[in-house]
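Below is one structure, written out as structure tokens; comments come after it.
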Amino acid sequence: MLNPIHLRTLQECVRTGSFAEAGRILGYTASAVSQQMVLLERTLGANLFERTARSIHCTPLAERLARRGREVLGELETLEREIRAMAVGDEGSLRLASFATANARVLPEVLAALVSERPHARVQLDEGEPDEVLGDVLEGVVDAAVVFEYDLDPRCWPTELRTEELLAEPLRLALPEQHRLAARDSVALGELAEDSWICTRDDTAGGRVLVRMAAAAGFVPNIVFRSNDYGVIRDLVGRGLGSALLPALAVPDEQLRVKRISGEQPCRRVKAIYRPHNTNPLLPLALDRLAKSCAALSANWPAAEPE
């Protein structure tokens with residue numbers, strides 16, 4: 001196989017017509033240049049120069065090889081720059097996955113920061129519930145996923161993945177505007193035993209948590225509407241059709257009466273999961289931006305109902 005160093009030396013030999021001058025330019029002795037050209041000729045099985053005691057004369061084969069070699073070396077230099085850029089995360093790709101409420105509240109800021117800091121990198125985002133994205137993380141289809149679990153519905157994540165907690169979302173009660181307890185700062189769940197409830201599907205962690213919390217408070221919730229879209233749930237509560245249990249990321253900035261739950265404060269915990277041996281240089285940057293974005297959000301959780 002042709003040696004790129006030999007091709008570079010050949011170019012100078014052809015351009016200058018001298019081993020000595022080529023060596024001076026490249027920082028070699030004339031003898032070292034001559035040895036490189038001998039090795040190149042042996043590799044090719046052909047003579048590249050006509051040699052005399054005082055000079056060299058390039059053959060047509062040497063001139064052609066020098067021209068084509070310039071193209072090859074240019075491609076190698078381009079490839080080296082690309083690989084170096086990918087190695088430090090200036091280029092390359094990063095694929096993330098997350099669930100809907102985190103996509104609405106956390107990921108926009110994170111993605112904007114990543115695109116701003118690494119404008120030549122390709123950043124992608126997929127959406128899905130934890131069970132939907134878990135396999136993609138395990139198989140390396142995505143570099144990291146933002147997932148959740150509830151204190152009252154814990155999960156065991158695969159041991160081959162690393163998990164980092166990003167924030168603990170307090171659960172809040174969302175009440176209709178005209179609810180009888182709308183003026184209260186906090187409400188005991190048992191006080192809502194006769195309410196109609198709106199929550200996520202019964203096969204979801206959110207649905208199971210409502211049932212478990214209600215059971216601990218001594219009642220079975222009367223669930224009248226279900227949706228896995230928190231926007232729909234908020235709209236239904238806003239129209240006076242029932243109360244809802246919302247994680248903090250799903251709490252709106254206005255319109256609903258949002259209350260603390262009296263007593264023990266259960267949380268939904270948001271985590272990043274990823275393969276610990278993933279060498280993508282963009283991954284640590286993404287994890288850092290996720291942590292900072294979540295820290296900023298949690299520092300501003302509304303303690304009670306917005307004024």
Would you find more than 12 non-hydrogen atoms of other residues, nucleotides or ligands less than 6.0 Å from [X] atom [atom1]?
| X | atom1 | result |
| --- | --- | --- |
| R64 | CZ | no |
| R180 | CZ | yes |
| E194 | CD | no |
| L44 | CG | yes |

task: Quick one: sort the F99 and F148 rings into parallel, tilted or perpendicular, breaks at 30° and 60°.
output: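 Perpendicular.
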May I ask you to say whether [X] pairs ionically with [Y], meaning some side-chain N is under 4.0 Å from a carboxylate O?
| X | Y | value |
| --- | --- | --- |
| D185 | K259 | no |
| D143 | R95 | no |
| R257 | E177 | yes |
| D235 | R239 | no |
| R289 | E117 | yes |

- prompt: Between the side chains of S243 and D195, does any donor sit under 3.5 Å from an acceptor?
  reply: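 Looking only at side-chain atoms, D195 and S243 do form a donor-acceptor pair, the distance falling under 3.5 Å.
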query: For T101 and R268, does a side-chain donor sit closer than 3.5 Å to a side-chain acceptor?
result: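 Yes - a donor-acceptor pair under 3.5 Å links their side chains.
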Same apolar cluster (I L V M F W Y, side chains within < 4.5 Å links), [X]/[Y]:
| X | Y | value |
| --- | --- | --- |
| I198 | L189 | yes |
| L171 | L297 | yes |
| L283 | L138 | no |

Close side-chain approach of [X] to [Y], heavy-atom, < 4.5 Å:
| X | Y | value |
| --- | --- | --- |
| V146 | L96 | no |
| L210 | I223 | yes |
| M37 | R51 | yes |
| Q11 | R67 | no |
| V147 | V133 | yes |
| V33 | L26 | no |

- prompt: How would you list, by chain and number, every residue that makes a ring pair (Phe, Tyr, Trp, His ring centres under 6.0 Å) with F49, sequence neighbours excluded?
  reply: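 Applying ring pair (Phe, Tyr, Trp, His ring centres under 6.0 Å) to F49 gives F19.
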Looking only at atom types and distance, does a side-chain atom of [X] sit under 3.5 Å from a main-chain N or O of [Y], one as donor and one as acceptor?
| X | Y | value |
| --- | --- | --- |
| D136 | V141 | no |
| E149 | R155 | yes |
| R269 | E169 | no |
| R260 | R172 | no |
| S298 | L167 | no |
| E132 | E129 | yes |

